[in-house]
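Chain naming here is simple, since letters A, B, ... match the order of the sequence lines and numbering starts at 1 in each.
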Amino acid sequence: MAYAEREGLDFIRAIVAEDLRAGKYETIVTRFPPEPNGYLHIGHAKAILLSYGIAAETGGRFNLRFDDTNPETEDVHYVQSITDSVRWLGADFGDEPLFAADYFGQMYDFAEYLVRQGLAYVDSSTDEEIREARGTVTEPGRPTRYRDRPVEENLDLFRRMRAGEFPDGAHVLRAKIDLASKNMLLRDPLIYRIRHAHHYRTGDAWCIYPLYDYAHPVEDAIEGITHSLCSLEFDNNRAVYDWVIDHWQDYVRGQGGTPARPHQYEFARGELEYTITSKRKSLQLVKGGYVSGWDDPRMATLAGLRRRGVTPEALRNFWDRMGVAKFNSRIDIGKLEFAIRDDLNTRAPRVLCVLRPLKVTITNYPEGQTEELDAPFWPHDVPKEGSRPLPFSRTVYIDRDDFMEMPSKGFHRLSPGAEVRLRYAYVIRCDHVVKDDDGQIMELRCSYDPATRGGGTPDGRQVKGTIQWVSAEHGIPCEVRLYDRLFTVPDPEAEEGDFKDHLNPDSLVVVQGAVIEPGVRDDAPGSRYQFERVGYFCSDVVESRPDALVFNRTVTLRDAWARAAEKGAAGSGPKPEKKPKAERAASEAPKPRSKAPAPDVQRSPELEARRARYAGELGLPAEEADLLSRELATSELFEAALAVGAPAKAVANWVIHELPREQGGRTTENLPFSGRELGELAALVEDGTVSVTGARQVLAEMVKNGGEPRDLVASLGLQQVSDPGALAPIVDQVLAANPAKADEYRAGKTGLLGFFVGQVMRQSGGNANPALVSQLVQERLGG
RNA sequence: UGCCCCCUGGUGUAAAGGCAGCACAGCGGUCUUUGGAACCGUUAGUGGAGGUUCGAAUCCUCCGGGGGCAACCA
């Protein structure tokens, strides 16, 4: 992955690339922090692969850290399965996983520090009291009567909590942040609670346990994590994360250390159509016997996928192709299937297996004769070597689906009187259909063409169909498990009622009595194959044995014939309508308004008066008057800028449209320049001294370091060039350098105007008059 | 209901204010001893309305839609 260029990188990798470029970190450290209370699923794979991938690509480190701060739900059994899955995926986390529980001592010490700093307090309210005092989304919270406890009392109580003097729930430790915050999570979050519970790792050493919002940032800081990646729903938690980290830094510095400064970034978790990932619901499937266990090949768990025959590489490629963004979606299951096929195509040797055997007697093949045909394991386009001898005899099995007594149009396999090729063997013709008394087809009597040994047709005749077969005498019976999607609807959890109502009754079809070529008998458990024309399979690691082979279908082959047949079938129409991405089209879309309505903004009388003056006396549009008078700081800035003398409209544009872009995270109050400078900048644009493009560069510099606009224009060399005589040569040069594009433009691709203007602007160092350039380009190109 | 995040073809995504591109799916074709694979071609998109700008998917505003937050879970 090219970190030198950020183009094409997902937004998180772009941030990492930028941090690396800026020298913010020497090495990138990421982590995957599962709670050991369940199995990993395919969505976790995305998170693991993202964090691990970034570390690997940048030569950094990746930690697997168990976030085991809740003794009541966690178990060492999950530690094992999660560790196995992460290793299987190929995410290298060093020798051993890490455990949050190992940091309990440091977390406790830091908590005492917070107490001593007056940043945390022991609240002895009941949980209902705390919840009630927290307020609601529309009302601020209120302090409980313990919020202003003296530091010494807090410290004493906290130490006694830790010493085990109190029962569960008697007290909690809370961070003292802001009870009135619009962000509910900042309303004095709980950071420690009392739980006299046995912890799978620390035993009974602790009876107080830290909560997520406190524990997680501390864990990250202790490990020196640089980029802490998590899913979107933790967005609101980032404010607490940063609060904790900020104080952690003070704490560590106070001890003479140099603290790490991790940052949290959120991305959309990966969800897949036709699967569920909820721990609770998955457990229902397991407990209720709907599946055989957490590693049932139909489960979206990594254990299940693995048993189904999916490789880690397929998963890696899949998630790589999916990318990373901030939009929650459910991914088309077909994309996963593609990635699996794409991977297995070059990985799985081809073998012959007949799922539903139909006996074929080759009447002109000598009774008792056997011969061995050489059959390659790989098709011509897979660059791998190897073949095996395939025994052929007078009686073979073919799949019942490959014979049609009354062939439909376009069917080119076997039917009465027709020819088909037995893969790697001979061309046969069906002479006679043998039926039982009920009319069931029992056997086909065919003749073979000895000249076609190996499958070729020396006479050049066309044999369109080629089918798989197995010698009856040599083939070995086996069980084949055909797995399909577990649910019949793309989003089972979103459906009304019980998600189990949407279980696919055909998600597992067990085929007994299939017959496979003998060569596979002693292959290792878990071996993967393509059963030619059928699909990708692997032998089941748990239940397959040489004398009782069991194969799991990983994925079917893409099947153009089946698709065409389905399409031709009576009125089957387009496939089940997909749920629109978002029911966005409120089709009776109402009221296009010419002017956006001013929202209800509570304004002080003073600001209200200003709004009226901006709209009236200054003649600004209502929307701009509204925007300028919402906050005092903005209004003050505007007024000061106005005093310089530039037109109100121009000044308003800079305050409303240009400043926010450059402002970044800074608040208007904290800008290193005042309204006067902004007004002067606007004036410089008005009198043509600098172009808007150039002025934006000046503004960016002003936001960063302050300064006088006029001086900056000079020092940055941004005096606008509006002389056609000076610009024309550059325009001509750009046009001459891109003759093909010029032709395209003349042919009607007018979108290229922006390209040409952009090129000229770049070559002129950003100080050409863009309107003039645009005009020049259009003149030259006959626009 | 307050705050926060998000919205690009059917699907997943790219484009740091300057050519809307890639992949899957679809459709059509070539090739083929797998109705597989590969290859070629092709359909289709910036939620809406305003604004800023020479130029907007990108910046501003409003509207619409999706998601998150009022656990002593993570």
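Annotation: side chain of A:Asn738 is not in contact with side chain of A:Leu752 (no heavy-atom distance under 4.5 Å).
Both stacking criteria are satisfied for A:Trp561 over the base of B:G35: a centre-to-centre distance under 5.5 angstrom and an angle between ring planes under 30 degrees. Here A:His412 packs flat against the base of B:G35; its ring centre is closer than 5.5 angstrom to the base's six-membered ring, tilted by less than 30 degrees.
Within the structure, a side-chain polar atom (N or O) of A:Arg134 is placed less than 4.0 Å from OP1 or OP2 of B:C72. Under 4.0 angstrom from either OP1 or OP2 of B:G26 there lies at least one side-chain N or O belonging to A:Arg563. An OP1 or OP2 oxygen of B:A25 is reached within less than 4.0 angstrom by a side-chain nitrogen or oxygen of A:Arg558. Look at A:Thr136 and you won't find any side-chain N or O under 4.0 angstrom from OP1 or OP2 of B:G2. Look at A:Asn653 and you'll find a side-chain N or O under 4.0 angstrom from OP1 or OP2 of B:U53. The shortest distance between the side-chain N/O atoms of A:Arg131 and the OP1/OP2 oxygens of B:A70 is not below 4.0 Å. At B:G12, one or more side-chain N or O atoms of A:Ser329 fall inside 4.0 Å of OP1 or OP2 (strictly under the cut-off).
Taking A:Thr138 as the reference, A:Thr136 meet the side-chain hydrogen bond (donor to acceptor under 3.5 Å, both in side chains) condition, with sequence neighbours excluded. Scored by the side-chain hydrogen bond (donor to acceptor under 3.5 Å, both in side chains) test, A:Thr144 finds A:Asp123 as partners (sequence neighbours excluded). Legend: residues meeting salt bridge (Lys or Arg N to Asp or Glu O under 4.0 Å) with A:Asp399, ordered by chain and number and at least two apart, are absent. Partners of A:Glu74 according to the salt bridge (Lys or Arg N to Asp or Glu O under 4.0 Å) rule, which considers only residues two or more places apart in sequence or in another chain, do not exist here.
For B:C5 and B:U61, the P atoms lie 11 Å apart once the distance is rounded to whole Å. On the C1' atoms, B:A44 is 14 Å away from B:G21, given to the nearest whole Å. Atom P of B:U53 sits at a distance of 30 Å from the matching atom of B:A14, rounded to the whole Å. To the nearest whole angstrom, the two C1' atoms, one in B:G47 and one in B:U43, are 22 Å apart. Taking atom C1' in both B:G26 and B:C63, the straight-line distance is 34 Å, to the nearest Å. Taking atom P on both B:A16 and B:G12, the two are 22 Å apart, rounded to the nearest angstrom.
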Using distance only, find each side-chain donor-acceptor pair of residues 766-777 of chain A under 3.5 Å and give its atom names and separation, not counting sequence neighbours.
residue  : atom : partner  : partner atom : Å
A:Asn767 : ND2  : A:Gly717 : O            : 3.0
A:Asn769 : OD1  : A:Ala771 : N            : 3.1
A:Asn769 : OD1  : A:Leu772 : N            : 3.2
A:Asn769 : ND2  : A:Ser722 : OG           : 3.1
A:Ser774 : OG   : A:Gln778 : NE2          : 3.2
A:Gln775 : NE2  : A:Glu779 : OE2          : 3.2

Q. Taking only Watson-Crick and G-U wobble pairs with both distances under 3.5 Å, what dot-bracket line describes RNA chain B, where [ ] shows pairs that cross earlier ones and | shows pairs with another strand?
A. .((((((..((((....[..)))).(((((.......)))))....(((((..]....))))))))))).....
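Nearer the 5' end of RNA chain B, as judged by each residue's closest nucleotide, is the contact made by A:Arg762, out of A:Thr452 and A:Arg762. For the pair A:Phe338 and A:Phe756, both in contact range of RNA chain B, the more 5′-proximal nearest nucleotide belongs to A:Phe756.
Among the atoms of the strands shown, only primed sugar atoms or phosphate atoms (P, OP1, OP2) are found under 4.0 Å from some heavy atom of A:Glu233.
Side-chain N/O atoms of A:Lys182 and base N/O atoms of B:C3 include no donor-acceptor pair closer than 3.5 Å.
For A:Arg65 and A:Asp220, the salt-bridge test passes: some basic side-chain N is under 4.0 Å from an acidic carboxylate O.
In this structure, CZ in A:Arg413 is found 7.0 Å from CG in A:Asp401, a value given to the nearest 0.5 Å.
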